[in-house]
Amino acid sequence: MAQRFLLGARHSQKEQKERAPALPRELRDAVAVRGDMFSPAYRSSQVKAGFSLKETIRRLRREGQDLAPPYYDLGVAFWLLLPGARSYAPEAVFRRFLEGRAWEGSAANIYDALAVSARELARQGLTSVFRDIEMQVLPILAAMELRGIAVDTAALSSLERSLRKELAQLEQSIYREAGMRFNINSPSQLSEVLFQKLGIRQRGKSAKKTPGGMRSTRAAVLEELRDEHPLIPLLLHYRESFKVYSTYVRGLQNFVGEDGRIHTEFVQTGTATGRLSSRRPNLQNIPSTSRWGKEIRAAFVAAPGYSLLSFDYSQIELRILAFLSGDARLREAFLQGKDIHAVTAAKIFQVDPSRVTPEMRRMAKVLNFGMNYGMGATSFARESGLSRGEAQEFIEAYFREFPQVRQWQEKVLQEARAKGYVPTNTGRKRPLPGLRSLSPRAAAEAERAALNYPIQGLAADIAKLAMIRTSQKLRARGVWEKKAFLLLAIHDELLFEVADDIIGEVAPLIAAEMERVFPLGEIPLVVTVAKGKRWGALEKVHFPRGTR
DNA sequence: ATTGTAAGCCAC
DNA sequence: AAACGTGGCTTACAAT
Ligand SMILES: Nc1nc2c(ncn2[C@H]2C[C@H](O)[C@@H](COP(=O)(O)OP(=O)(O)OP(=O)(O)O)O2)c(=O)[nH]1
Ligand SMILES: [Mn+2]
Ligand SMILES: [Mn+2]
């Protein structure tokens with residue numbers, strides 16, 4: 001299937017010429033941008049074409065210069081044509097899409113890649129997503145990376161001391177219970193200690209193996225063995241603390257810059273669905289739930305005189321599912337302002353919806369999305385604590401309640417099998433060659449990805465539109481990158497740093513803009529707002545009626 | 001010393 | 001570990 005997206009290789013030069021429509025004038029007149037150079041043309045209104053334009057923009061802005069829009073980023077262009085590849089670096093792109101031509105870093109190379117990608121984007125109906133979404137987001141990401149987010153390093157150091165102490169004690173307790181010293185961080189050594197030396201086994205259950213044939217020691221397995229040996233709860237505790245220590249406390253400290261801020265990199269070509277990813281460090285997976293998690297988040301702070309403002313779409317993918325499937329009852333639930341995550345939590349935990357805790361609701365999220373994207377009864381049972389039979393019945397009841405969701409899924413799969421790819425409402429598409437795999441496992445895996453893609457992909461576009469529109473609004477007010485800074489995009493959440501004296505003005509503005517970026521028919525997009533001096537201690541903001 | 005893979009786990 | 005999906009990071013361990 002990937003062949004369909006390979007360009008040029010199958011055609012002779014002559015055929016190419018006959019088929020290739022002329023490039024629009026603005027692209028023929030594009031300026032080739034090489035990352036290590038500067039040209040007065042960078043200030044012109046011509047299209048700037050090149051690889052890694054975000055990095056070029058960052059470099060130029062650091063040097064007091066800039067790269068004027070409009071942009072044409074070649075890596076992003078080829079990513080839209082074939083999302084999910086490992087690399088969109090020039091060498092990889094030329095190898096895959098411009099066979100026969102090698103990347104030499106020349107302007108001619110850039111024009112070649114521009115011509116090939118632009119024609120194919122147009123042919124596949126991707127021009128609008130590319131130009132109106134991706135190329136608008138690009139300079140916003142550059143600004144976010146340059147700004148960074150402030151970190152309370154003293155808080156992190158204090159956390160490091162606490163965790164060191166706790167880990168040292170846990171380590172000793174674990175050695176004592178095991179009757180020997182070993183590397184707790186080595187799953188193979190731990191597996192041997194647990195299942196050979198101590199002979200721990202779950203009565204009447206088969207051994208859980210990793211793909212490598214080892215007996216698994218992951219948390220889900222240890223959780224089931226919790227009562228079988230006093231070592232197990234110690235290990236679970238150790239695992240959680242060590243994760244926080246190694247990845248978040250020690251790891252993050254290494255990324256704090258001279259300016260006291262962490263500057264993540266947002267990868268625009270990092271996912272197959274249109275989401276962004278974040279790396280070096282990843283600031284999209286900072287812990288949020290556990291006790292340690294809260295403390296880690298509390299180490300991310302606003303600059304003096306500023307506050308952090310968080311805007312998160314409520315139940316975003318469930319609303320999109322209601323919109324796409326048209327399911328009458330799911331739509332009705334959202335028209336009535338229902339919180340489906342809370343409803344599911346209330347059913348699972350058998351409490352009144354008003355008494356659902358944040359932890360219960362987070363668990364319900366996993367179950368709700370799990371059901372919609374193909375989770376089995378066994379996994380549902382483990383996640384929920386229900387028996388396998390109860391889990392099976394719960395899933396069936398869910399699809400009885402929302403029958404049009406199933407119908408929509410069947411339709412998505414049919415079209416996906418016929419076309420070999422899945423589209424989103426914005427025109428983005430993802431090829432899924434696995435759908436035609438002869439391996440039932442691989443085919444089933446591709447089917448689940450196909451069910452997820454139209455929803456996660458549209459959610460990604462909504463979040464990107466939110467970045468674009470809110471930045472435009474703030475720019476019109478004269479505060480963008482002056483008194484209001486976008487710091488992070490966490491999938492369906494935008495985290496701003498805003499001067500205290502304009503919070504009352506811009507918070508309703510941002511929320512209102514986010515709620516209008518993509519109307520889902522009658523289904524409202526709802527944004528939850530929270531603010532505070534520390535990310536780990538935000539308080540919900542309520543707007544008076546009619547202010548947005 | 002560097003690179004790649006497996007296992008595991010954090011977030012959305 | 002299992003019929004949720006999308007990611008990135010750390011450690012251990014083997015291969016280079
Ligand atoms: N497949 C899957 N998708 C998830 C999972 N967790 C989050 N997502 C996706 C779907 C969510 O709508 C989206 C945003 O995550 P959030 O944590 O903001 O949850 P959501 O918006 O649904 O609820 P909220 O009202 O914000 O608490 O990310 C998950 O466990 N599985
Ligand atoms: Mn949300
Ligand atoms: Mn969110």
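Side chains are part of it too, since the values below use all heavy atoms of this structure and drop only hydrogens, waters and symmetry mates. Throughout, protein chains are lettered first and strands after them, A, B, ... in sequence-line order, and every chain is numbered starting at 1.
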Distance check needed: [N] [atom2] versus [X] [atom1], whole Å only.
X         : N       : atom1 : atom2 : result
Met363(A) : dA11(B) : CE    : C1'   : 16 Å
Leu367(A) : dG5(C)  : CG    : C1'   : 14 Å
Tyr398(A) : dA3(C)  : OH    : P     : 21 Å
Glu383(A) : dC9(B)  : CD    : P     : 13 Å
Tyr238(A) : dA7(B)  : OH    : C1'   : 15 Å
Arg291(A) : dC10(B) : CZ    : P     : 15 Å
Phe380(A) : dG5(C)  : CZ    : P     : 16 Å
Ile184(A) : dA7(B)  : CD1   : C1'   : 16 Å

For this session: Using the closest heavy atom to pick a nucleotide of DNA chain C for each, name whichever of Arg279(A) or Ala220(A) lands nearer the 5' end.
Result: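 Result of the comparison: Ala220(A).
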Problem set entry | Most 5' of Lys243(A) and Ala377(A) on DNA chain C, judged by nearest nucleotide |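 Checking each residue's closest nucleotide, the 5'-ward one belongs to Ala377(A).
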Problem set entry | Donor/acceptor link under 3.5 angstrom from Glu223(A) side chain onto base of dA1(C) |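 Check fails, no donor-acceptor contact within cut-off.
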Under the criterion side chain to side chain contact (heavy atoms under 4.5 Å, CB included), which of [options] is the partner of [X]?
X         : options                                    : result
Arg147(A) : Leu486(A), Leu487(A), Leu488(A)            : Leu487(A)
Arg239(A) : Thr217(A), Leu170(A), Val244(A), Leu234(A) : Thr217(A)
Phe311(A) : Val529(A), Val541(A), Leu495(A)            : Val529(A)

When we call it a touch if two heavy atoms are under 4.0 Å apart, what does [X] touch: a base, just sugar-phosphate, or nothing?
X         : result
Arg215(A) : nothing
Val366(A) : base
Tyr453(A) : nothing
Glu224(A) : base
Arg297(A) : sugar-phosphate
Gly374(A) : base
Ala381(A) : nothing
Ala459(A) : nothing
Arg218(A) : sugar-phosphate
Gln456(A) : base
Lys365(A) : nothing

For this session: Please measure how far the P atom in dA1(C) lies from the corresponding atom in dC9(B), and state the result in whole Å.
Result: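 Looking at atom P only, dA1(C) and dC9(B) are 9 Å apart.
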Can a salt bridge be assigned to the pair [X] and [Y] using a cut-off of 4.0 Å between side-chain N and carboxylate O?
X         : Y         : result
Glu497(A) : Arg261(A) : yes
Glu228(A) : Arg201(A) : no
Glu359(A) : Arg362(A) : no
Lys365(A) : Glu383(A) : no
Glu160(A) : Arg164(A) : yes
Glu240(A) : Lys243(A) : no

What are the atom names and distances for every N/O pair under 3.5 Å that joins the protein to nucleotides 3-5 of chain B?
none

Which of the following nucleotides, [options], is nearest to the side chain of [X]?
X         : options                  : result
Thr289(A) : dC12(B), dA11(B), dG8(B) : dA11(B)
Ala219(A) : dC9(B), dT10(C), dC4(C)  : dC9(B)
Glu240(A) : dC9(C), dT6(C), dC10(B)  : dC10(B)
Asn285(A) : dC4(C), dG5(C), dA11(B)  : dA11(B)
Thr271(A) : dC12(B), dG5(C), dG7(C)  : dG7(C)
Asn185(A) : dT11(C), dG5(C), dT10(C) : dT11(C)

Exercise. Just by modelled atom types, is the Met467(A) backbone N or O under 3.5 Å from a matching donor or acceptor in the Gln136(A) side chain?
Worked result: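 Here the side-chain-to-backbone pair does not exist.
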Exercise. Quick one: side-chain hydrogen bond (donor to acceptor under 3.5 Å, both in side chains) partners of Ser186(A), sequence neighbours excluded?
Worked result: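 Expected list: Ser188(A).
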For this session: Only one of Trp103(A), Tyr88(A), Trp79(A) passes ring-ring contact (aromatic ring centres under 6.0 Å, His included) with Phe51(A); say which it is.
Result: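 When Trp103(A), Tyr88(A), Trp79(A) are each tested with Phe51(A), the ring-ring contact (aromatic ring centres under 6.0 Å, His included) holds only for Trp103(A).
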When you compare the protein's N or O atoms with those of nucleotides 13-16 of chain C, which come within less than 3.5 Å of each other, and at what distance?
from	atom 1	to	atom 2	distance (Å)
dC13(C)	OP1	Ser186(A)	OG	2.8
dC13(C)	OP1	Gln189(A)	NE2	3.2

